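No experiment lies behind these values; they were computed from the predicted model shown.
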Amino acid sequence: MTITVSGEETSVEAGTTGAALFADQKTTVVMRVDGELQDLSREIPAGAAVEPVDVAEQDGLNVLRHSAAHVMAQAVQQLFPGSKLGIGPYVTDGFYFDFDVAEPFTPEDLKTIEKAMQKIINQGQRFEREVVSEEEAKRAMADEPYKLELLGAGDDADETAEGAGVEVGGGEITIYHNVDRNGERVWADLCRGPHLPHTKLIANAFAVMRSAAAYWRGDQNNQQLQRLYGTAWPTKDDLKAYKERLAEAERRDHRRLGVELDLFSFPDELGSGLPVFHPKGGIIKREMEDYVRRRHIEEGFEYVGTPHISKDVLFHTSGHLPYYADSMFPPLHVDEERDAEGNVTKEGQEYRLKAMNCPMHNLIYRSRGRSYRELPLRMFEFGSVYRYEQSGVVHGLTRVRGMTQDDSHSYVTREQAPAEVEHLLGFVLSLLRDFGLHDFYLELSTRDEDSEKFIGTEEQWEQATDVLRRVAEDTGLELVPDPGGAAYYGPKISVQARDALGRTWQMSTIQYDFNQPTRFGLEYQAADGSRQEPVMIHSAKFGSIERFMGVLVEHYAGAFPAWLAPVQVRAIPVAEPFNDYLAEIVKRLKTRGVRAELDDGTERFPKKIRTASKDKVPFVLIAGGDDHDADAVSFRFRDGEQENQVPVEEAIERIVTTIEQREV
RNA sequence: GCCGCCUUAGCUCAGGGGUAGAGCGAUUCACUCGUAAUGAAUAGGUCAUCGGUUCGAAUCCGAUAGGCGGCUCCA
């Protein structure tokens, strides 16, 4: 028969398997048959287009990890008889498997499981695919209640959790058996596959990473299972590189660097998720805010200010309550008066900490009549908002309970809306680039038809979503759909930025809102004298200053570009006699607005260099006899490079220019 | 909010039913002329908080607070 192998027509015997075809390719783990991933053990149908899938390519990695998940599950069921299987898909950089076990896994258990996995791998067990009927599958999985549930769910399984589709779905039902050296089936799982031909391909480049709890099918009303996360790679070196990447992420962790660089802290006395900024962190925050405020004003925004607290009726008007009551701090009851018997003589009032700025900006809009000539009317502020985040989700600066939003609201006519969205998106992207982030993609969050959370008519949603989609597509950036992710009042575009380590963070958001203007009765007088309702467009550029600072700390690994660095210049004399010489230069730098300081401590020279290096100061200025005689200074940069005897004038100009140009 | 783990000096951590240790940091003194650690001395802890068990608790148990890893959530 004739088949096409990697684009070339070839003639092979009927019944040829992938294993036979790619026998000499040791790192081929599965094959793509007419675009579909299949086990190598399967026969290739006549006329098919086939290509080998290498373990190192994404599809191959996924198969490797999914197979490793099976091995882990086999090990767990060996060690913990009676444990029940949940799902076990591959995920980015690894895999997990959920188990219903009597006791949660301990750290020792993880090591034991890893050892048992190694044993299974060393046995070189084969993965064997069996096509079964639904009845057969139910019989085979009689002891696995969760698998039975998935069988019942059928093709819906894809929606139950990330990766659940690997279990069932996609037409026929299959069971994968692990077969030992003697040809005996030793373990089985309901699974769509495909899998590696045998376990030896997992080699010893795998690890059981951690355990955690997870809700069955991602629903918090369901049973909580124990999830084991693992990782697997084609080679030991890949595994090592992955672990090194994790270690690097840990070194860059903004929570760690925040302490080391004395930027911010989270005093227990304040409560969870409430940061305080120390002087050095305060400089970074202020530089960020100053720059962003200036740019907003350049872009036609007007800076406004609103309080941190208000009567809670405001949030009823906006529609945020009762939808989001759970994530707002509980109300404060004030102004109530009682007589001696305890009877209420004056009704009190409920106040709420502000969780969003838009209702207050609406009040500014409404404070007087508005003309179409004023639109677009753009209000902007650094609004302090407080959200009662659940205790388990608070995380460093990236998830806090008190934060500063760089929040703006553009009030426009319906006709102006597309142009304003475009304007905002361009502005947001330019700001992110100014802060050193260059790798983005967009997410379009829309309403979920089935949810009652979303208000407004279908036409309104469609129109708004259309506007956002068109503008997003015009950027040429990757656009990822996020159905059901919209706010209750309208769809949103969010910008996801990738940092230096390739991790993504939701930063900016642009939301199209046709609901709040109605709820607040906002209007403007049109050219024809009629009263019209504006559309409002919400936009947060960094999301929150706190989160963005956390991202920046990690992106730059604490080595901020000069314009953001808390200390821009540290002057270090080679020995004490040069203190005065450098003190004079520091003074001149300070008059130019440079954050410069002299290290006139009693430590010796090399120690001061080391300290400056650990502090990640961008410019170290050194002066000794040679410099003094030449009326010069020497530079030492963060990468260890040095440049000696630069004339003082020139050195100052270079530092000032670098800061002004916001160069790294 | 849920599951598990953790909380000892400013930081990183060791120890462990008989009232505490190291390194770094800090302070002081001496030293100090060329690019990542000079030396010595000193100070610093109700072992998160509260309660229980015990002759005795930092150590064991419980509660609370805070943190970490996930899950759920994220206007």
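Nucleotide B:rU27 is matched to B:rA41 when pairs are restricted to Watson-Crick or G-U wobble geometry with both distances under 3.5 angstrom. Checking B:rU59 for Watson-Crick or G-U wobble geometry (two distances, each under 3.5 Å) identifies no partner in any strand. Within the shown strands, nothing qualifies as a pairing partner of B:rU32 under the Watson-Crick or G-U definition with both distances less than 3.5 Å. Across every strand in view, B:rU53 sits unpaired, with no contact that passes the Watson-Crick or G-U test at under 3.5 angstrom. Shown here, B:rC68 forms a base pair with B:rG4; the pair counts as Watson-Crick or G-U wobble because both key distances fall under 3.5 Å. Pair check for B:rA9 finds none; no Watson-Crick or G-U wobble contact set falls under 3.5 Å.
Comparing B:rG67, B:rC71, B:rU38 by their nearest atom to the side chain of A:A214 picks out B:rC71. Considering only the side chain of A:I609, B:rU35 comes nearest among B:rC33, B:rU35, B:rC3. Set against B:rC74, B:rG34, B:rG70, the side chain of A:A213 has B:rG70 as its closest nucleotide. Side-chain atoms of A:R604 lie closest to B:rU32 of the nucleotides B:rG34, B:rC3, B:rU32. Candidate nucleotides B:rC3, B:rU72, B:rG34 were compared by shortest atom distance to the side chain of A:Q226, and B:rC3 ranks first. Between B:rG1, B:rC33, B:rA36, one nucleotide has an atom nearer to the side chain of A:Q390 than all others, and that is B:rG1. Here the nucleotide nearest the side chain of A:V393, chosen from B:rG34, B:rC73, B:rG70, is B:rC73. Residue A:E576 places its side chain closer to B:rU32 than to any other of B:rG34, B:rU32, B:rA36.
The residue A:T611 sits apart from the nucleic acid: no heavy atom pair falls under 4.0 Å. A:S613 comes within 4.0 angstrom of a base, heavy atoms only. Within 4.0 Å (heavy atoms only), A:T106 reaches no atom of the nucleic acid at all. A:K492 comes within 4.0 angstrom of the backbone, heavy atoms only, and of no base. Residue A:Y489 is classed as a sugar-phosphate contact, given heavy-atom separations below 4.0 Å to backbone atoms only. A:N644 comes within 4.0 angstrom of a nucleotide base, judged by non-hydrogen atoms across all strands. Counting any heavy atom pair closer than 4.0 Å across all strands shown, A:A623 reaches no nucleic acid atom. As judged by a 4.0 angstrom heavy-atom cut-off over every strand, A:H395 is placed among residues touching the sugar-phosphate backbone only. Heavy atoms of A:Y229 sit under 4.0 angstrom from primed sugar atoms or phosphate atoms, though from no base atom.
The P atoms of B:rA22 and B:rG44 are separated by 14 Å, rounded to the nearest whole Å. Rounded to whole Å, the separation between the C1' atoms of B:rC33 and B:rG45 comes to 42 Å. B:rU27 sits 7 Å from B:rA43 when the C1' atoms are compared, rounded to a whole Å. Separating the P atom of B:rA63 from that of B:rG1 is a span of 15 Å, rounded to the nearest Å. The P atoms of B:rG23 and B:rA58 are separated by 26 Å, rounded to the nearest whole Å. B:rU46 and B:rC5: their P atoms are spaced 28 Å apart (whole Å). With C1' as the reference atom, B:rG52 and B:rG17 are 15 Å apart, rounded to whole Å. Nucleotides B:rG15 and B:rA26, compared at atom C1', are 24 Å apart to the nearest Å.
An OP1 or OP2 oxygen of B:rG1 is reached within less than 4.0 angstrom by a side-chain nitrogen or oxygen of A:S391. Here A:T602 does not reach the OP1 or OP2 of B:rC29: none of its side-chain N or O atoms lies under 4.0 Å away. OP1 or OP2 of B:rG25 sits under 4.0 Å from a side-chain N or O of A:K607. For the pair A:R636 and B:rA36, the criterion of a side-chain N or O lying under 4.0 Å from OP1 or OP2 is met. Listed pair A:R255 / B:rG69 meets the phosphate criterion, a side-chain N or O lying under 4.0 Å from OP1 or OP2.
Between the side chains of A:D109 and A:T112, no donor-acceptor pair of N or O atoms lies under 3.5 Å. Donor-acceptor pairing under 3.5 Å is lacking for the side chains of A:E603 and A:T611. The closest side-chain donor-acceptor pair between A:H361 and A:T306, if any, does not fall under 3.5 angstrom.
Distance, A:E643 CD to B:rG34 C1': 16 Å, rounded to whole Å. The CG-P distance, from A:D268 to B:rG10, rounds to 13 Å in whole Å. As rounded to whole Å, 20 Å separates atom P of B:rG10 from atom CZ of A:F266. Computed from coordinates, the A:Q224 CD to B:rC5 C1' distance equals 14 Å when rounded to whole Å. Computed from coordinates, the A:Q220 CD to B:rU72 P distance equals 9 Å when rounded to whole Å. Here B:rC74 presents its P atom at 10 Å from CD of A:E389, a figure rounded to the nearest Å. Distance, A:N222 CG to B:rC71 C1': 12 Å, rounded to whole Å. A:D626 has its CG atom 14 Å from the P atom of B:rC33, to the nearest Å.
Comment: A:D219 does not engage A:R217 in a salt bridge, judged by the lack of any side-chain N to carboxylate O separation of less than 4.0 angstrom. Salt-bridge formation is detected for the pair A:E248/A:R251: a Lys NZ or Arg NE/NH1/NH2 atom is positioned less than 4.0 Å from an Asp or Glu carboxylate oxygen. We find that A:R378 and A:E420 are joined by a salt bridge, their nearest charged nitrogen and carboxylate oxygen being less than 4.0 Å apart.
One N or O donor and one acceptor, one from the side chain of A:Y215 and one from the base of B:rG1, sit under 3.5 Å apart. Side chain A:D326 to base B:rG1: no donor-acceptor pair is found below 3.5 Å. You won't find any donor-acceptor pair under 3.5 Å spanning the side chain of A:S211 and the base of B:rG70, going by distance alone. With hydrogens and angles ignored, no donor-acceptor pair under 3.5 angstrom links the side chain of A:R227 to the base of B:rC3.
In this structure, the ring of A:Y324 has its center no less than 6.0 angstrom from the ring center of A:F315. Taking the six-membered ring for Trp and the full ring otherwise, A:H538 and A:Y489 have centroids separated by under 6.0 Å. Within the 6.0 Å centre-distance limit, the rings of A:Y229 and A:Y96 are counted as a close aromatic pair.
In summary, of the residues considered (A:D599, A:D615, A:D600), a salt bridge (charged side-chain N to carboxylate O under 4.0 Å, His left out) with A:R570 occurs for A:D615 alone.
Mapping A:F105 and A:S634 onto RNA chain B by nearest heavy atom places A:F105 closer to the 5' end of the strand.
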